[in-house]
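Because only heavy atoms are used, hydrogens play no part in the values below, and waters and symmetry mates are left out as well, while side chains stay in.
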Amino acid sequence: MPETISMQKAINQALADSLRADPKVLVLGEDVGTLGGVFRVTDGLQKEFGSARVFDTPLAESGILGMSVGLALAGYHPIPEVQFDGFAYPAVNQIISQIGRMNYRSRGTMPMPITLRMPSFGGLRAPEMHTESLEAMLAHVPGLKVVSPADPQQGYHLLRLAAQLPDPVMFLEPKPRYWQKAEVDVASPGELRGARVAREGKHVTLIAYGAMVARCLQVAELAAEDGIEVEVVDLRWLKPIDTATLAASVAKTRRAVVVHEAPLTAGLGGEIAARVSAACFDTLKAPVERVTGFDVPYPSGDLEDEYIPNLDRILFGIQRVLTYKKLGA
């Protein structure tokens, strides 16, 4: 039976079901055991499954990921947690040089079934280094898969899938959406590979992922009041990118706006725009627009409100592509 729960609870349930389904699944990280995680996503797991399968680690991200590499080589499927995305930097060497490359370097004899859970993105007005948007850096690393759920249904099923893959998956959980409640049907995952159309439309395509999907759906509601039908595509898999779904949507609407929190320069939106432009070059009525964060360090506190793309900035992006006129036209 479908149940209305928060994303926090959905991910907790996905972890519990993964632990039940596979004795090789382990959950580890700072405070994931006794405390249940800083966001209580792992609450109750150690009590049910024991400290041998759900356990706390020292406060050393390089150690957490290094330990996960060893566990994966020993045949386990570790699901480590980095408390905040901004804490992942000390473990970049392990992520890139070991987790991303081990399978390749061993010609497939040393798979890396690691699912790294990383509370990501802004919206909580947290202190500095507690909020980042690392998806472009992670997606750039060969060997890694990168995914970000937008709602509780996606949170449950995408994590369940990631916990069964033989590949390393960077699972970016949108922190501000942890308390969003929605219906979750654990028996009906639907198609989990690639992107999904979260809202049908015909005038312009909004492409987003993670926390920005909900904001783009709000924008679509506002635009509908003026007769503009916005199609919202939830990218979900940031690597590999589902170019076919993006191209099919933009071929229909002939206009696209990409929305993400990370800085503009070298952000994932540039890769998305390039793919959409190449696939839909002959039918696009305007250049692909990007509405993003600014080229500054991710701010803390109240300055987040100025940094994160808001409803007005996204609406202005839509307006720019709808009113674009080619030179000489």
Side-chain angles (χ1 to χ4, degrees), residues 11 29 61-62 64-69 72 77-105 111-123 129-150 154-155 158-159 161-163 165-175 177 192-195 207-213 234-243 246 258-275 290 292-293 295 297-298:
I11 294 174
E61 286 74 20
S62 59
I64 295 170
L65 273 297
M67 186 186 304
S68 296
V69 170
H77 189 132
I79 305 181
E81 177 190 292
V82 171
Q83 273 192 351
F84 291 88
D85 44 6
F87 297 177
Y89 292 117
V92 165
N93 182 42
Q94 284 71 29
I95 293 171
I96 295 176
S97 301
Q98 298 172 349
I99 296 174
R101 297 188 184 188
M102 193 68 76
N103 191 44
Y104 176 83
R105 289 165 59 193
M112 278 284 110
I114 295 173
T115 303
L116 172 56
R117 290 185 46 251
M118 196 181 302
S120 299
F121 314 122
M129 301 302 293
H130 288 66
T131 296
E132 295 289 333
S133 199
L134 306 181
E135 63 272 17
M137 179 183 76
L138 296 171
H140 188 68
V141 178
L144 300 182
K145 286 182 168 64
V146 185
V147 64
S148 185
Q154 303 303 313
L158 288 174
L159 183 54
L161 174 61
L165 294 176
D167 309 303
V169 178
M170 307 292 104
F171 195 83
L172 310 184
E173 300 170 7
K175 295 192 290 283
R177 308 308 299 174
L192 295 175
R193 308 282 181 159
I207 303 168
Y209 48 85
M212 286 295 99
V213 174
D234 176 7
L235 192 62
R236 294 200 299 188
W237 291 93
L238 286 51
K239 185 179 182 182
I241 292 175
D242 179 6
T243 305
L246 299 180
V258 186
V259 182
H260 63 64
E261 297 179 37
L264 175 72
T265 301
L268 198 65
E271 176 68 23
I272 295 168
R275 291 181 181 231
R290 288 180 286 167
T292 71
D295 287 351
Y298 210 116

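- In this structure, E261 CD and Y298 OH are separated by 3.5 Å, a value rounded to the nearest 0.5 Å.
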Should L172 and V147 be marked as a side chain to side chain contact (heavy atoms under 4.5 Å, CB included) after you check the CA-CA gap, both sets of side-chain angles, and the distance that decides it? CA-CA 6 Å; L172 310 184; V147 64; over 6 Å; no

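- Counting heavy atoms from C-beta on, the side chains of I207 and V259 never come closer than 4.5 Å.
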Would L159 and F171 count as a side chain to side chain contact (heavy atoms under 4.5 Å, CB included) if you check the C-alpha gap in whole Å, the side-chain angles of each, and the deciding distance to 0.1 Å? CA-CA 7 Å; L159 183 54; F171 195 83; 3.6 Å; yes

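- To the nearest 0.5 angstrom, I64 atom CD1 is 9.0 Å from L116 atom CG.
- Scanning both residues, A72 and P113, for their nearest heavy atoms gives CB-CD, 3.9 Å.
- Rounding to the nearest 0.5 Å gives a distance of 6.5 Å between OG of S120 and CG of L134.
- Side-chain contact between M118 and F87 is absent, with no heavy-atom pair separated by less than 4.5 Å.
- Between E61 and Y89, the side chains place no donor N or O within less than 3.5 Å of an acceptor N or O (distance only, hydrogens not considered).
- To the nearest 0.5 Å, atom CE of residue M102 and atom CE of residue M112 are 5.0 Å apart.
- The shortest heavy-atom contact between I96 and R101 is O-CG, 3.3 Å.
- Between I99 and L65, some side-chain heavy-atom pair lies under the 4.5 Å cut-off.
- Classification of the Y209-F121 ring pair by plane angle, with boundaries at 30° and 60°, yields tilted.
- In terms of modelled atom types and a separation under 3.5 Å, the side chain of K239 and the main chain of A139 share a donor-acceptor contact.
- The nearest pair of heavy atoms linking A162 to V169 is CB-CG1, 3.9 Å.
- Between the OG atom of S148 and the CH2 atom of W237 there is a distance of 11.0 Å, given to the nearest 0.5 Å.
- Here the shortest heavy-atom pairing between Q94 and S62 reads OE1-CB, 3.5 Å.
- In this model, no donor atom of one side chain and acceptor atom of the other lie less than 3.5 Å apart for H260 and S133.
- Between the side chain of D242 and the backbone N or O of G194, no donor-acceptor pair lies under 3.5 Å.
- P111 and P166 make their closest contact through CB-O, 4.0 Å (heavy atoms, listed as atom of the first residue, atom of the second, distance).
- Taking CD1 of I114 as the reference point, atom CD1 of I95 lies at 9.5 Å (rounded to 0.5 Å).
- Considering only heavy atoms from C-beta on, M170 stays 4.5 Å or farther from T115 through its side chain.
- Formation of a donor-acceptor pair under 3.5 Å by the R236 side chain with backbone atoms of I241 is not found in this model.
- Contact between S68 and P78 at its shortest, heavy atoms only, is O-CG, 3.4 Å.
- Using a cut-off of 4.0 Å between Lys/Arg side-chain N and Asp/Glu carboxylate O, D85 and K175 are scored as salt-bridged.
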Begin from the C-alpha positions of I79 and R117 and carry the test side chain to side chain contact (heavy atoms under 4.5 Å, CB included) through to its verdict. CA-CA 7 Å; I79 305 181; R117 290 185 46 251; 3.8 Å; yes

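- At least one donor-acceptor pair closer than 3.5 Å links the side chain of D295 to the backbone N or O of L264.
- Distance alone, capped at 3.5 Å, is enough to place a donor-acceptor pair between the H77 side chain and the A163 backbone.
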